[in-house]
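The structure displayed is predicted, hence computed values, not measured ones. Hydrogens, waters and symmetry mates play no part in the numbers below; they use all other heavy atoms, side chains included.
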Amino acid sequence: MQIKLFGVRGSIACPGLSTVRYGGNTACVFVTEKEQRLIFDAGTGIRALGEELRGETLPLHLFFSHYHWDHIQGFPFFRPAYQEDQQLHLLSDHLPVCPQTILRQMTDPHFPVPGEVLKAAIDVLPIGQRCIEIEDLVIRTVPINHPGGGSAYRVDSEHGSFAYVTDNELFPPYDVETAYEEWVSFLEGVDLLLHDAMYLSDELPMIHGWGHSLIKQALQLAVDAHAKNVILFHHDPSRTDMHLDYITEQSREWMFMQKGFKSKVFMAGEGDCYTLNKGELYYKPAAYS
């Protein structure tokens, strides 16, 4: 199983000299296993993914965590959606509306090109009983703790397991959809956990209830769930490369201090590629890292 990151920011894209190495695009993650192609979220990072997929015709399964702007606004620029020979399945769970709602952004006065011009065969696949099987992949879901709802996903295959958990507040001030103990159970033993880690502890008073986790909370969850590797994801747009370098160093030191726990900590960066083979992780950073 291969996992490649195309967008790692939260809230809004933030290109610039201070974000070159980790990237400034919003959420998009691409997972491949044999001929299966899974995409998680359609933030601005999906445009580059579309360019990479140019000419391919394998079916694509596009999973949405939720429909906030930073997770859907790249879809109108996704080249495969304009290909006649492309099949595109839209999926979501634990949301009150179906994923076709993303096409509503392609209307006046928000976008000049209407959704009717998309040439790909686009449909919606239901996820029943919090689980769907796609060939050799088993994808399970749980609801995230985020204003408006949404879904986290865990993908299991013969080569390993990967969890995509973004925009999730582990300890919100409102009623939880998924309690902390349920997260631990859902993520138990996962080979690679990608989790929302948007804020620092001293920022909590301002952002409590916004639907995001503290970095230390995400690290503690990785420990409690015995995750073998963790990727800190959905960076605040104000974080510079230097700041993220510092947070990475501090996070790895914290993890090192946890007795008997040897999980590796990664800071999500655009272009980074992770390969799982029989539970073993191989990491290839982006060329400019």
Minimum heavy-atom distance His66-Gly150, with the two atoms named: CB-CA, 4.2 Å

If we count only N and O atoms by modelled type, under 3.5 Å, do the side chains of Thr44 and Asn25 hold a donor and an acceptor together? yes

Under 4.5 Å side-chain linkage, directly or through intermediates, the cluster mates of Met206: Met198, Tyr199, Leu204, Ile207, Trp210, Leu214

Can you check whether Ile39 reaches Val29 side chain to side chain, under 4.5 Å on heavy atoms? no

Should the pair Phe171 and Tyr180 be assigned to parallel (<30°), tilted (30 to 60°) or perpendicular (>60°) ring geometry? parallel

CZ of Phe111: more than 12 outside heavy atoms within 6.0 angstrom? yes

Mind listing the closest non-hydrogen atom pair of Gly211 and Tyr174 along with its distance? CA-OH, 3.7 Å

Closest non-hydrogen contact found for Lys4 with Gly271 is CE-O, 4.0 Å

Could you walk me through whether Glu270 and Arg21 pass the salt bridge (charged side-chain N to carboxylate O under 4.0 Å, His left out) test, one step at a time? CA-CA 8 Å; Glu270 281 182 36; Arg21 284 189 292 110; over 6 Å; no

So do the side chains of Arg79 and Leu53 get within less than 4.5 Å of each other, counting heavy atoms only? no

Looking at Glu253, I want to see if its CD is surrounded by more than 12 non-hydrogen atoms of other residues, nucleotides or ligands under 6.0 Å. yes

Do other residues, nucleotides or ligands put more than 12 heavy atoms under 6.0 Å from the OH atom of Tyr246? no

So, does Asp272 use its side chain to make a donor-acceptor pair with the main chain of Gly269 at under 3.5 Å? yes

Charged N to carboxylate O below 4.0 Å: is that the case for Arg9 and Asp236? no

Please check: side-chain N/O of Glu280 versus main-chain N/O of Leu276, any donor-acceptor pairing under 3.5 Å? no

Without hydrogens or angle criteria, can the side chains of Tyr282 and Asn277 be said to hold a donor-acceptor pair below 3.5 Å? no

Would you say that His61 contacts Arg37 through its side chain, given a criterion of any heavy-atom pair below 4.5 Å between the two side chains? no

Determine the interplanar angle of the Phe63 and Tyr153 rings, folded into 0 to 90°, and report it as parallel if under 30°, tilted if 30 to 60°, perpendicular if over 60°. perpendicular

Who are the side-chain hydrogen bond (donor to acceptor under 3.5 Å, both in side chains) partners of Gln2, not counting sequence neighbours? none

Please check if the side chain of Thr101 supplies one atom and the backbone of Cys98 the other of a donor-acceptor pair under 3.5 Å. no

Which atoms form the tightest heavy-atom contact between Ile127 and Ser92, and what is the distance? CD1-O, 3.7 Å

Verify the distance criterion only: is there a donor paired with an acceptor across the side chains of Ser65 and Asp41 at less than 3.5 Å? yes

Around Arg130, counting heavy atoms of other residues, nucleotides and ligands shown, do more than 12 lie under 6.0 Å from its CZ? yes

Can you tell me how far apart SG (Cys28) and CG (Leu49) are? Round to the nearest 0.5 Å. 5.0 Å

Is the closest side-chain donor-acceptor distance between Thr141 and His94 under 3.5 Å? yes

On a heavy-atom basis, which atom in Gly23 and which in Val8 lie closest, and how many Å separate them? O-CG2, 4.4 Å

Atom CD1 in Ile72, atom CD in Gln105: separation rounded to 0.5 Å? 4.0 Å

Leu62 vs Leu88, test: side chain to side chain contact (heavy atoms under 4.5 Å, CB included). Steps then yes/no. CA-CA 7 Å; Leu62 175 51; Leu88 181 57; 4.1 Å; yes

Where the side chain of Arg154 meets the backbone of Phe186, is there a donor-acceptor pair that is under 3.5 Å apart? yes

Counting C-beta onward and ignoring hydrogens, is there a side-chain heavy-atom pair between Ile46 and Phe6 closer than 4.5 Å? no

Using 4.0 Å as the upper bound for N to carboxylate O, is an ion pair formed by Lys34 and Glu135? no

Do Gln83 side-chain atoms and Leu118 backbone N/O form a donor-acceptor pair below 3.5 Å? no

Picking from His212, Glu177, His68, Glu169, what satisfies side-chain hydrogen bond (donor to acceptor under 3.5 Å, both in side chains) with His146? His68

Using a distance-only test with no angle check, is there a side-chain donor-acceptor pair under 3.5 angstrom linking Tyr22 and Thr240? no

Could you check Ser161 against Asp191 for side-chain hydrogen bond (donor to acceptor under 3.5 Å, both in side chains), going step by step and ending with a plain yes or no? CA-CA 5 Å; Ser161 53; Asp191 293 311; 3.3 Å; yes

Rounding to 0.5 Å, atoms CD1 (Ile102) and OH (Tyr67) come to a distance of 8.0 Å

About how many Å separate SG of Cys14 and CZ of Arg239, when rounded to the nearest 0.5 Å? 11.0 Å

Rounding to 0.5 Å, atoms CG (Leu137) and CD1 (Ile132) come to a distance of 10.5 Å

Taking the side chain as every heavy atom from C-beta outward, state whether Leu5 and Tyr274 have any pair of such atoms under 4.5 Å apart. yes

Single-linkage hydrophobic cluster, 4.5 Å side-chain cutoff, Tyr82 and Leu60 together: yes

When you measure from the side chain of Asp196 to the backbone of Ser213, do you find a donor-acceptor pair of N or O atoms at a distance under 3.5 Å? yes

Between Glu188 and Lys228, is there a side-chain N and carboxylate O pair less than 4.0 Å apart? no

Quick one: do the Ser157 and Asp136 side chains pair a donor with an acceptor below 3.5 Å? no

Side chain proximity check, Leu193 to Ile231, heavy atoms < 4.5 angstrom: no

Strictly distance-based, threshold 3.5 Å: is any side-chain N or O of Thr26 a donor or acceptor partner for the main-chain N or O of Gly43? no

Here the gap from Ile122 atom CD1 to Leu103 atom CG, rounded to the nearest 0.5 Å, amounts to 6.0 Å

Report yes if some heavy atom in the side chain of Leu244 is under 4.5 Å from a heavy atom in the side chain of His235; otherwise report no. yes

Counting only heavy atoms not in Arg47 (residues, nucleotides, ligands), do more than 12 fall under 6.0 Å from its CZ? no

Donor-acceptor under 3.5 Å (Trp183 side chain, Thr178 main chain): yes

Answer whether the closest heavy-atom distance between the side chains of Ile144 and Ser151 falls below 4.5 Å. no

Which pair of heavy atoms, one from Asp70 and one from Gly10, lies closest together, and at what distance? OD2-C, 3.8 Å

May I ask you to decide if Gln86's main-chain N or O and Thr57's side chain share a donor-acceptor pair within less than 3.5 Å? no

